[in-house]
Amino acid sequence: MNLHHLLKTRAAAGKPVRVVLVGAGKFGSMFLSQVPHTPGLEVPVIVDLDRDRAREACRTVGWDDTRIGATTFTDDGARAIAGSAFDVVVEATGNPAVGIRHARAAIAAGKHVVMVNVEADVLAGPLLAEEARQAGVVYSLAYGDQPALTAEMVDWARATGFRVVAAGKGTKYLPAYHDVTPEGVWQHYGLTAGEAQSAGMNPQMFNSFLDGTKSAIEMAAIANACTLDVPSEGLLFPPCGVDDLPHVMRPRDKGGVLEKSGIVEVVSSLERDGRPVFRDLRWGVYVVLEAPNDYAADCFKQYGLKTDASGRYAAMYKPYHLIGLELNISVLSAALRNEPTGQPRGFRGDVAAVAKRNLRAGEMLDGEGGYTVWGKLMPASASLAAGALPIGLAHRVKLKNDIAHGAVVCWSDVEVDESNDTIKTRKAMEKAFSR
């Protein structure tokens, strides 16, 4: 509750918090829109492969010519990170390999990292966070995105003495979505391909939200940051509105759907027949908690919390998340308090590539939201034991073997370049956290 005061003090001392933004897409643009309205926060350098697009993004979100003229636009992330006087790197490219490279460059330069790039975080975040801790800098999840918001609620629940039963987010889900490809994605968003194209919407990116991949990635990030477990058979996506969270999101032996307590899960805003769930949580996050004693359970009732029939399970939720509009919280927390808004504390959840159809040897995988694979959440121990190929590495790699529809793709099924830095980083992470 002190970030604004701390920022004002820093600004008054003539020491603004300075940020290098890497990636001026939607998330980055939302962050940039808040900068002119946050005295004491500056973004002197913006890194993007398309510098003209980045400048136009600044104009679109309301930057004036003076601010744009004072900003360096570059496509060389490594040089920008190594050569600028700044406090925080915001990595918002969405590319796992690039994100890992930029995070390591920032850590080497003694700068804090806010990892918007959750794909990179799930691929190697536990290792990156440990490297940052060793270097005395912060590696942080991005506030405004659902993993950090969920981690905040989990921390609140634990710090107030409650046992966390379940935590996660809501989304629009039906089982058939796992096989949807970019070609068919827009019908599920109520758009035509032409409308989406005119709005500059990327079909593969949006499909990664629909086909379950993004949900799996975000739940893995939450599990790793909050030391929660993941479902042994993957996410269930039970239909559930906010009023029913304490009833549905409790262990099976208590009448709910969870295999056990202390687990991540995503709730669907659609019933399995496609009808909308009443008071859904499509855009929000939640935590289900258990009263530690009868007195606390009585307080739940006295203060109007929705509970299950026993009165022992209750839920807190946040109905919306504002993505990059809220990112200042992570940036300022790192720069002013030396604290992350969530960071990996272990390797509990992993996301494996699963075939969307029968795949043949010689085909090239095309990553998150593509035509060939979707990402399934797995316990990290099970993923490692199976030799599962992480979804973050299922980009432009060739299959050596046929893969049946619905089967997990393994390292042994693809041609692997062992000299690739991203693969070496992932292997190092697996070795370090599989002990």
Side-chain angles (χ1 to χ4, degrees), residues 1-7 17 27 30-31 34 38 88 90-92 112-118 121-122 125-126 128-129 132-133 138-171 214-215 217-230 242 245-246 249 261-267 281-290 305 313-346 348-349:
M1 299 180 189
N2 297 306
L3 285 178
H4 185 240
H5 170 74
L6 292 172
L7 182 61
V17 173
F27 203 118
M30 294 176 80
F31 166 62
Q34 301 302 100
T38 314
V88 181
V90 172
E91 215 298 332
H112 304 305
V113 181
V114 174
M115 185 60 89
V116 177
N117 189 340
V118 69
D121 177 75
V122 169
L128 297 175
R133 287 190 287 267
V138 170
Y139 173 95
S140 178
L141 299 179
Y143 200 89
D145 217 354
Q146 287 152 311
L149 296 181
T150 306
E152 178 184 50
M153 297 188 78
V154 169
D155 186 62
W156 164 84
R158 287 171 170 166
T160 49
F162 294 112
R163 180 186 183 191
V164 173
V165 177
K169 69 164 195 169
T171 197
K214 196 73 170 183
S215 290
I217 289 171
E218 291 178 335
M219 292 305 103
I222 293 167
N224 293 338
C226 300
T227 59
L228 290 168
D229 289 328
V230 306
V242 294
L245 284 167
M249 306 306 293
S261 189
I263 203 165
V264 296
E265 186 56 79
V266 177
V267 295
L281 193 66
R282 179 178 177 183
W283 306 108
V285 298
Y286 76 92
V287 60
V288 172
L289 45 96
E290 182 180 1
L305 272 72
Y313 295 91
M316 286 291 188
Y317 62 90
K318 190 171 186 176
Y320 304 106
H321 65 297
L322 295 179
I323 322 294
L325 298 181
E326 300 182 81
L327 187 64
N328 284 4
I329 301 299
S330 289
V331 170
L332 300 180
S333 181
L336 302 176
R337 293 199 299 221
N338 208 46
E339 290 184 354
T341 50
Q343 68 172 206
R345 300 288 181 180
R348 309 291 284 268

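Residues take their numbers from the sequence shown, with the count starting at 1.
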Go through the steps for Tyr139 and Met115 under the test side-chain contact (heavy atoms from CB on, under 4.5 Å), then give the verdict.
-> CA-CA 7 Å; Tyr139 173 95; Met115 185 60 89; 3.5 Å; yes
Test side-chain contact (heavy atoms from CB on, under 4.5 Å) applied to Arg133 and Gln343, step by step = CA-CA 10 Å; Arg133 287 190 287 267; Gln343 68 172 206; 2.5 Å; yes
In sequence, state the C-alpha distance, the side-chain angles, and the governing distance for Val164 and Arg158, and then conclude on side-chain contact (heavy atoms from CB on, under 4.5 Å).
-> CA-CA 7 Å; Val164 173; Arg158 287 171 170 166; 3.9 Å; yes
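A search for salt bridge (charged side-chain N to carboxylate O under 4.0 Å, His left out) contacts involving Glu290 returns Arg163, not counting sequence neighbours. In this structure, the ring pair (Phe, Tyr, Trp, His ring centres under 6.0 Å) partners of Phe162, at least two apart in sequence or on a different chain, are Phe300. Shown here are the salt bridge (charged side-chain N to carboxylate O under 4.0 Å, His left out) partners of Glu91, two or more places apart in sequence or in another chain: there are none. Scanning for side chain to side chain contact (heavy atoms under 4.5 Å, CB included) contacts around Asn338 gives His112, Val138, with sequence neighbours left out.
For the atom pair Met316 CE and Leu305 CG, the distance stands at 5.0 Å (nearest 0.5 Å). Atoms CG and OH, on Leu281 and Tyr320 in that order, are 10.0 Å from each other to the nearest 0.5 Å.
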What pairs of donor and acceptor atoms, side-chain ones from residues 219-227 against any protein atom, are under 3.5 angstrom apart with sequence neighbours left out?
residue: Asn224; atom: OD1; partner: Arg348; partner atom: N; Å: 2.6
residue: Asn224; atom: OD1; partner: Gly349; partner atom: N; Å: 2.8
residue: Asn224; atom: ND2; partner: Ala220; partner atom: O; Å: 3.2
residue: Asn224; atom: ND2; partner: Gly349; partner atom: O; Å: 3.3

Could you give the side-chain donor-acceptor pairs of residues 324-332 under 3.5 Å, partners two or more places apart or in another chain?
residue: Glu326; atom: OE2; partner: Leu322; partner atom: N; Å: 2.7
residue: Asn328; atom: ND2; partner: Thr38; partner atom: OG1; Å: 3.1
residue: Ser330; atom: OG; partner: Leu141; partner atom: O; Å: 3.1
residue: Ser330; atom: OG; partner: Tyr143; partner atom: N; Å: 2.6
residue: Ser330; atom: OG; partner: Thr341; partner atom: OG1; Å: 2.5

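Here the side chains of Val242 and Pro319 are not in contact, with every heavy-atom distance at 4.5 Å or above. Under the 4.5 Å side-chain criterion, counting only non-hydrogen atoms from C-beta, Val118 is not in contact with Gln146. The side-chain heavy atoms of Asp145 and Glu218, taken from C-beta on, include a pair separated by under 4.5 Å.
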